[in-house]
Each structure stands twice: as structure tokens, then as C-alpha cells.
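Quick note on labels: first sequence line is chain A, next is B, and so on, each numbered from 1.
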Number of protein chains: 2
Amino acid sequence: MNIGEASTASGVSAKMIRYYEEIGLIAPKGRTQSNYRIYGEDEVHVLRFIKRARSLGFSLEETETLLKLWQDKSRTSASVKDIATTHINDLERRIAEMESMVKTLKHLSHCCGGNNRPDCPILDDLAGEQPASGEHSAAGP
Amino acid sequence: MNIGEASTASGVSAKMIRYYEEIGLIAPKGRTQSNYRIYGEDEVHVLRFIKRARSLGFSLEETETLLKLWQDKSRTSASVKDIATTHINDLERRIAEMESMVKTLKHLSHCCGGNNRPDCPILDDLAGEQPASGEHSAAGP
DNA sequence: GTAAGGCTTCCCATCATGGGAAGGTCAAGG
DNA sequence: CCTTGACCTTCCCATGATGGGAAGCCTTAC
């Protein structure tokens, strides 16, 4: 299997397969005489593992750790769960941040006429002018 | 006001002020004879505007547009609201993506013993092996 | 006058991914 | 046998927003 076939089989682009090799995540089984990378089923399996981990939001660094644990038969499930838990906390923190943004933006949008006139509470907020209806912005309850 | 003072007054790092200048977001009022950047209250106001927009998750490109609208007295509030609405939708899409990740991860973590044994449903999922308790992963209802 | 600290520009790194160029290789068809 | 098109190789560059750091000039306080 060359890189194009491995790409199709795994759903990972050839470009990314080469990059993952560069950072030490996965190596081809070998090379042909003409220097083409050769992959087998094992490598495709690893690529799918990486893809799935990425789709769950793990960084490549975390993915590397998970990959090593996967291949280490003497791992403990606790070590895997730790990584997952840390990642869940990170995701939840980021979700909370974005939800706070959405909340503020929705409030401002709600107050914005969205018409042909120039007066706009969204711009007022960005400009730091609190025009009467204070409650949003940095001033929480 | 030199760049350090403008940085303190606005909360934007000197590094970023120079970068924002490079990409055309803000220019200093002038330069001293010794080539130091000079800022006034107006520039600090712009920097605060940028900082607030960034804290609401707007990209620098969106921020630039908002900044131009702010400075354009003949703007319509509808044009501002459009940008905000698009941004809200984008945030909500990303939140939903991450929530889906969290949901899957929590399910897997819940099923993981987190003990000294090697068997781990998290790794099983990443490896693409669905061991009996199917319901999560790509297989939705 | 000198030392400390601030300013300038320039280059590099991050993280994960894609684009594209230049050149070698393989397979199919004439 | 040769061509053509599709594929492979490596190498460089770009993204977005931010920080780190070096080399050299300037200002301010002592």
C-alpha cells in the first residue's frame, strides 16, 4: 500500500500522514526501491486511531500519548482516563468561555435595532460606553 | 504617550499593538524624532475597542470591519448586527461540536474502570473496536 | 557619565493543516 | 519503445494570534 492508498483507507490526507511521520507519530513499514512509502494494515489502523482521537478534540501531543498507551499492553486504564478527564475539563472550560460570549452577544444583538439607523448598542459596548441598560458586559451579578 | 504607556492604558501588549499596526488596524498618531511611536487618547480608545471585540471572540478581520463601522457615522446598525449574528452562529456551531465531543468522552470515561488493569473502553473506541455496548461513537440512534 | 530600562526592527516558534513547485516513478495505451 | 497522466518525493510558504528573544539605539534617573 502506498501513501495514497493508505490515505483513502484511513481517511487521513497524504499530507498529514507525512506530517505525522515527521513528528514521530507513525512510520511507514518501509520504502520501495524508488523511495515510495509502504504501509500495511497496522499502519492504517494507527492512522484511523489518530483520526478518531483528533475528531474527539485531542491534540496531537495527547494523541501521541494515547497511541503509546494503546500499544503498551502493561498500561493502566487509569492513565488513559486521566488524559480523557483532563481533556473533558479543557473542553468544558472552552465551552463555558464561548457560551459567555454568546450570552453577551445575544443580549447586545437583542438590543440592536438592526435597521438603517447608525445607533448600535453592539458598537457602544465595544467602545466601552455603557448606555443606561447595564447588566451585561464585565458587570455580572 | 509611548507604546508602553498605551499598552498599560489599553491592556493590549506592546507586541500586539505593533502587530495591529502591521496589519493596518491602528496607526500611532506620529513618531518622535527618535522614532518612538506616539499615541493619544483616541488610539487608546481604539485599542480598548479591539481588546473588547477579541474578548467576545471576534477575529481580527471581523474586528477590523467593526472598527470601520464604528468610525463610519453613516453605518447602519443592521450591518453591525449581521456580523454579530454570523459570529454567534459560528460560536454556537463550535460549542455544539465540542459538546458532542464531551458527551462521547464522558460516556467512554464513565465506562472506563480507571484502575490498574489495561482494558479500556476509551482506547477501544479510538481503535475502532466497538465492544458490545454500542450507542456512542459514530453510531447514533 | 553611566546604568537601567524602554524603544526600535527582525527573526523564530507555536498548532494543525493545506497549497504548490520541481523533479522522479509507474502503469496504460499507442 | 515512447508518451501521457496520475502519482510519488522533498522543500518552502501560508494560515491566526500571540509570545520570545536578540541587537542596537534612546531616555531618564542618579
Side-chain angles (χ1 to χ4, degrees), chain A residues 1-39 43 46-67 86-87 90-91 94 97-98 101, chain B residues 1-39 43 46-67 86-87 90-91 94 97-98 101:
Chain A
M1 210 174 351
N2 63 26
I3 201 170
E5 292 162 333
S7 170
T8 303
S10 65
V12 178
S13 75
K15 211 86 184 183
M16 277 303 101
I17 296 176
R18 293 194 195 97
Y19 176 63
Y20 294 160
E21 178 180 349
E22 194 188 325
I23 63 172
L25 267 191
I26 183 175
K29 206 164 52 177
R31 296 268 187 154
T32 67
Q33 281 187 322
S34 54
N35 206 31
Y36 282 24
R37 288 168 178 83
I38 305 172
Y39 299 94
E43 284 76 27
V46 170
L47 288 171
R48 287 212 198 94
F49 183 102
I50 295 171
K51 193 184 180 192
R52 175 77 178 139
R54 294 286 303 130
S55 82
L56 288 176
F58 288 106
S59 69
L60 285 180
E61 198 177 354
E62 287 165 331
T63 301
E64 186 181 11
T65 307
L66 290 168
L67 204 43
T86 301
H87 181 46
D90 189 50
L91 284 170
R94 284 154 57 194
E97 265 178 27
M98 290 196 288
M101 293 174 185
Chain B
M1 211 174 349
N2 62 28
I3 200 169
E5 291 161 334
S7 170
T8 302
S10 66
V12 177
S13 76
K15 211 87 183 182
M16 279 302 100
I17 296 176
R18 293 193 196 97
Y19 176 63
Y20 294 160
E21 179 180 346
E22 193 187 326
I23 64 173
L25 267 191
I26 183 173
K29 205 165 49 175
R31 295 267 188 155
T32 67
Q33 281 189 322
S34 55
N35 207 31
Y36 281 25
R37 290 169 178 83
I38 306 172
Y39 300 94
E43 285 74 28
V46 169
L47 288 170
R48 287 213 198 93
F49 183 102
I50 296 172
K51 194 185 180 193
R52 176 75 178 142
R54 295 286 304 129
S55 83
L56 288 176
F58 289 106
S59 70
L60 285 182
E61 198 177 354
E62 289 164 328
T63 301
E64 187 182 9
T65 307
L66 290 169
L67 205 43
T86 301
H87 181 46
D90 189 51
L91 283 170
R94 284 153 56 194
E97 266 179 26
M98 290 197 288
M101 292 176 185

Apply side-chain contact (heavy atoms from CB on, under 4.5 Å) to Arg37(B) and Glu21(B), showing your working. CA-CA 11 Å; Arg37(B) 290 169 178 83; Glu21(B) 179 180 346; 2.6 Å; yes
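Distance Glu22(B) CD to dT15(D) P: 11 Å, rounded to the nearest Å. In this structure, the CE atom of Met1(B) is 16 Å from the C1' atom of dC7(C), given to the nearest Å. Rounded to an integer number of Å, the gap from CD1 of Ile17(B) to P of dG6(C) is 15 Å. In this structure, Ile38(B) atom CD1 and dC26(D) atom C1' are separated by 14 Å, rounded to whole Å. A straight line from CD1 of Ile26(A) to P of dA16(C) spans 16 Å, rounded to a whole angstrom. Rounding to whole angstrom units, CG of residue Leu47(B) and C1' of dA17(D) are separated by 15 Å. Here dA6(D) presents its P atom at 19 Å from CD1 of Ile3(A), a figure rounded to the nearest Å. Rounded to a whole Å, the CG atom of Asn35(A) is 6 Å from the P atom of dT10(D).
Annotation: of the two residues near DNA chain D, Leu60(B) and Tyr36(B), the 5′-most nearest-nucleotide partner is Leu60(B). Of the two residues near DNA chain C, Lys15(B) and Asn2(B), the one whose nearest nucleotide lies more 5' is Asn2(B). Between Phe58(B) and Gln33(B), the residue anchored nearer the 5' end of DNA chain D, judged by the nucleotide with its closest heavy atom, is Phe58(B).
Nucleic acid contact for Ser13(A): sugar-phosphate only, since backbone atoms but no base atoms lie under 4.0 Å from a heavy atom of the residue.
Listed nucleotides dC8(D), dT25(C), dT8(C) differ in distance to Arg18(B); the shortest reach to its side chain belongs to dT8(C). Closest approach to the Arg31(B) side chain among dT8(C), dA16(C), dG18(C) is made by dT8(C) (side chain taken as heavy atoms from C-beta onward). Here the side chain of Arg37(A) is nearest to one of dC7(D), dT10(D), dT17(C), namely dT10(D).
Here CE of Met16(B) is found 11.0 Å from CG of Leu25(B). Values are rounded to the nearest 0.5 Å. Taken to the nearest 0.5 Å, the CD atom of Glu62(A) stands 11.0 Å off from the CG atom of Leu56(A).
What you find for Leu67(B) and Phe49(B) is that their closest heavy atoms are CD1-CD2, 3.4 Å.
For the pair Arg48(A)/Val12(A), no side-chain contact is recorded, criterion being any heavy-atom separation below 4.5 Å from C-beta on.
Note on Ser34(B): a side-chain N or O is less than 4.0 Å away from OP1 or OP2 of dT27(D).
You won't find any donor-acceptor pair under 3.5 Å spanning the side chain of Tyr19(A) and the base of dG18(C), going by distance alone.
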